[in-house]
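So the structure is just underneath, and the comments pick up after that.
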Amino acid sequence: MKTAELIEPEVQTVSGENVIQIPDGLLGFEHVKKYVLLAQPQEAPFMWLRMIENADKRFLVISPVHVLPDYQPDISSEDVRFLGLTGPEDALVVNIVTLRPNRPPTVNLKGPIVINRNSLIAKQVIPNNASRFDVNHPLPV
Amino acid sequence: MLILSRKLGESIVIDGRITVKIVRLEGEIVKLGIDAPIEVPVHRQEVYDEIQRNNQEALAGEAANVPTLSGKSSAPSTRPQLQQGKAPMPRTRG
């Protein structure tokens, strides 16, 4: 087992050609395999994971460093291979935020999205220690 | 769906490397013992269902507003753990 250092994503707008490929899709959105990750300084630390083919559909995401400092998802070797991660520095982890009317936003720590920074191949993984994390973890707003 | 009848203590083998054994019967609860290589993720169905429901709820349109975090953290580093499996061949994905 190896420990990975999660580097905070740089706040910048990813250009159109930097398509994030999610071969398995997100759970419930298996047919949507191409996204773009958009980060704007005024929205930091939040970013948008936007569908390419349906540009008005998007997920708000955040790096878990802003949510739970000691977050340590234990990513299976199966997923490490699938993503082609050769070292911890290859991985960018983001978590999906749920916005609800009149209720505080929450973040899904149970099913993080792991992105290979080099290949931009990503997967929504279920960590081996998923039972320790909440799918609706309160955001500190 | 393949349906097999098993008695207490009996097993099934999947792909020659994953063994699922009926370990205990307690009323309506069946306890399963699963023996699988470390690189094979095993999760309860509910975990997938829960994340799927959460994704569907989280899907946002153009109008969604970004919240403001209270007390911006100094962003200590998060350390995901990566399992380094020993299996030489990656599994084929459909």
Side-chain angles (χ1 to χ4, degrees), chain A residues 1-8 23-24 26-29 43 45-46 48 56-60 62-66 68-82 85 88 91 93 96-100 105 108 110-112 114 124 126-131 135-136 139-141, chain B residues 14-19 31-94:
Chain A
M1 195 167 304
K2 236 180 158 181
T3 301
E5 184 89 31
L6 180 73
I7 301 157
E8 191 180 354
D24 290 350
L26 301 179
L27 290 168
F29 297 90
E43 293 182 333
F46 296 96
W48 289 103
D56 62 337
K57 296 282 187 252
R58 52 188 189 163
F59 295 94
L60 190 64
I62 189 171
S63 167
V65 298
H66 298 285
L68 197 66
D70 59 350
Y71 183 58
Q72 291 187 7
D74 182 8
I75 298 162
S76 73
S77 55
E78 166 102 351
D79 288 333
V80 169
R81 273 203 306 278
F82 177 79
L85 301 175
V93 179
I96 293 179
V97 175
T98 304
L99 303 169
R100 300 176 183 87
N108 173 5
K110 201 182 272 282
V114 182
Q124 185 168 32
I126 300 177
N128 291 327
N129 54 352
S131 63
V135 77
N136 286 310
L139 258 188
V141 291
Chain B
I14 300 167
D15 198 27
R17 60 195 191 127
I18 300 164
T19 305
K31 295 219 169 176
L32 302 175
I34 298 156
D35 235 330
I38 194 155
E39 74 271 13
V40 176
V42 178
H43 296 288
R44 292 175 173 86
Q45 176 72 49
E46 299 92 282
V47 178
Y48 291 88
D49 296 344
E50 194 181 17
I51 293 172
Q52 179 170 329
R53 275 196 308 274
N54 186 269
N55 284 349
Q56 281 159 348
E57 199 179 359
L59 181 68
E62 282 294 336
N65 287 320
V66 174
T68 309
L69 280 193
S70 67
K72 277 199 173 178
S73 70
S74 54
S77 65
T78 293
R79 293 167 165 268
Q81 293 169 352
L82 306 186
Q83 256 183 29
Q84 301 290 330
K86 284 178 184 155
M89 291 293 291
R91 277 173 64 186
T92 314
R93 292 265 168 169

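Lettering of chains follows the sequences in order, A, B, ..., and the numbering in each one begins at 1. The figures here come from the full heavy-atom set of this structure, side chains too, leaving out hydrogens, waters and symmetry mates.
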One option among A:T98, A:N136, A:L99 has the most heavy-atom pairs under 4.5 Å with chain B, and it is A:T98
Could you tell me which of A:I62, A:V97, A:I126 has the largest number of non-hydrogen atom pairs under 4.5 Å with chain B?
A:I126
Looking only at atom types and distance, does a side-chain atom of B:D15 sit under 3.5 Å from a main-chain N or O of B:R17, one as donor and one as acceptor?
no
Modelled atom types, side-chain donor and acceptor of B:N54 and B:E50, under 3.5 Å
no
State, without any angle test, whether A:Q72 and A:N129 hold a side-chain donor-acceptor pair at a distance under 3.5 Å.
no
B:E46 meets the side-chain hydrogen bond (donor to acceptor under 3.5 Å, both in side chains) criterion, sequence neighbours left out, with none
Partners passing side-chain hydrogen bond (donor to acceptor under 3.5 Å, both in side chains) against B:E57 (at least two apart in sequence or in another chain)
A:R100
Measuring heavy-atom distances to chain B, does A:V135 have an atom under 4.5 Å in its side chain, in its backbone, in both, or in neither?
both
Identify which part of A:P127 has an atom lying under 4.5 Å from any heavy atom of chain B, answering side chain, backbone, both or neither.
backbone
Pick one of side chain, backbone, both or neither for B:N65, based on which atoms fall under 4.5 Å of a heavy atom in chain A.
backbone
